[in-house]
Amino acid sequence: MSVIPTSFFLQMDVVSLANQLIGCRLNTVIDGKFCSGIVLETEAYAGETDKASHAFGGRKTFRTSVMYKEGGIAYVYFCYGMHYLFNVVTAVEGVPHAILIRALLPVEGIDAMQSRRGSKVKFGQLTNGPGKLTKAMGIEKSHNGLLLEEGHIWFEKTSEKLVGDIVATPRIGIDYAEEDALLPYRFVWMPSEGHK
DNA sequence: ACACCGATTATCT
DNA sequence: GATAATCGGTGTA
């Protein structure tokens, strides 16, 4: 298990990075509670040329200013009036690439996740969506722009081998992106048969 | 299993 | 004033 340094996110190929994050651990220490989960689903947002990106066409607003910073920080934004979505900003300063984390497999801090999500929520529903996992992990707007370092919000590589395959599909919920809605920028871990 | 739809508000036009 | 990188409840089967 090794902490992923913020410099890892300076890579310029955001689609490759989104693929590479599958199987890594996302960890948080928030409100004194340690939570950890394996990244199962990501989406790449490829900056100014990607019609699905908030920064499409070079839009610089208060919200997107975080995306233009140097890679290795969190981009957390409020969606549909009720959910926080967590992204990793990637690439060098001035290039607004980001990766949305869409699903996790809970590993540690499951009690904390359960109490944040509500006692009625089943284990399989704790972190199987981008708005659900931020709530379970304790991520919200105060974390926007935060450097991804050990002890607060950070990623780790594990030596455990992933049993299954990573498949690429079109992204979810971006019908407004016209032809870019079809790009295979979503990565999902599919367990192999017999390892469900 | 799957389709539909209402909630709720920051952000941008 | 419209939109939105979602979620969970309700309905039909």
Side-chain angles (χ1 to χ4, degrees), chain A residues 9 13-22 24 26 37 39-69 71 73-91 95-106 113-146 148 153 155 166-190 196:
Chain A
F9 298 108
D13 186 341
V14 66
V15 177
S16 165
L17 267 173
N19 191 329
Q20 292 177 62
L21 278 184
I22 302 290
C24 293
L26 175 63
V39 176
L40 298 182
E41 182 179 342
T42 61
E43 282 177 0
Y45 286 83
E48 298 184 343
T49 61
D50 180 356
K51 288 186 176 176
S53 171
H54 294 152
F56 173 66
R59 290 206 345 242
K60 275 204 107 172
T61 64
F62 179 72
R63 181 172 68 162
T64 64
S65 61
V66 169
M67 304 179 81
Y68 281 89
K69 295 189 182 181
I73 63 176
Y75 169 44
V76 181
Y77 84 98
F78 194 53
C79 184
Y80 287 106
M82 58 187 88
H83 306 290
Y84 293 105
L85 272 56
F86 170 69
N87 299 249
V88 185
V89 173
T90 72
V95 178
H97 290 174
I99 300 167
L100 173 67
I101 307 300
R102 292 190 55 89
L104 301 175
L105 177 65
M113 295 188 198
Q114 192 77 59
S115 68
R116 287 180 180 129
R117 292 273 289 126
S119 54
K120 309 173 297 285
V121 176
K122 305 264 189 269
F123 178 81
Q125 315 295 310
L126 275 178
T127 55
N128 65 333
K132 299 181 197 182
L133 74 88
T134 53
K135 188 168 183 190
M137 298 289 278
I139 297 170
E140 34 87 329
K141 67 168 177 270
S142 66
H143 302 107
N144 190 34
L146 185 77
L148 299 175
I153 302 177
F155 287 92
I166 298 173
V167 301
T169 79
R171 293 169 290 183
I172 304 296
I174 53 152
D175 294 346
Y176 56 87
E178 303 170 23
E179 72 276 13
D180 288 349
L182 299 175
L183 294 170
Y185 283 3
R186 172 173 176 250
F187 296 93
V188 193
W189 176 67
M190 301 296 288
K196 198 179 66 144

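Chain letters run A, B, ... following the sequence lines, proteins first, then strands; residues in each count from 1. Bear in mind the structure is a predicted one, so any value in this text is a computation, not a measurement.
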Which nucleotide in [options] has an atom nearest any side-chain atom of [X]:
X        : options              : answer
A/Ile172 : C/dA5, B/dT9, C/dT6  : C/dT6
A/Leu85  : C/dA5, B/dT8, C/dG8  : C/dA5
A/Tyr77  : C/dA5, C/dC7, B/dA10 : C/dA5
A/Lys132 : C/dG8, B/dC12, C/dT6 : C/dG8

For [X], which contact category applies under a 4.0 Å heavy-atom criterion: base, sugar-phosphate, or nothing?
X        : value
A/Tyr80  : base
A/Ile174 : sugar-phosphate
A/Arg171 : nothing

Check whether any side-chain nitrogen or oxygen of [X] sits under 4.0 Å from OP1 or OP2 of [N], and answer yes or no.
X        : N      : value
A/Tyr84  : C/dT6  : no
A/Arg117 : C/dG8  : yes
A/Arg59  : B/dT11 : no
A/Lys135 : C/dT6  : no

Quiz item: Just checking, is any N or O donor in the side chain of A/Glu43 or A/Tyr45 under 3.5 Å from an acceptor N or O on the other one?
Solution: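 On atom types as modelled, these side chains qualify, holding a pair under 3.5 Å.
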Quiz item: Can you say whether the rings of A/Tyr84 and A/Phe78 are parallel (under 30°), tilted (30 to 60°) or perpendicular (over 60°)?
Solution: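 Rings of A/Tyr84 and A/Phe78: tilted, 30 to 60°.
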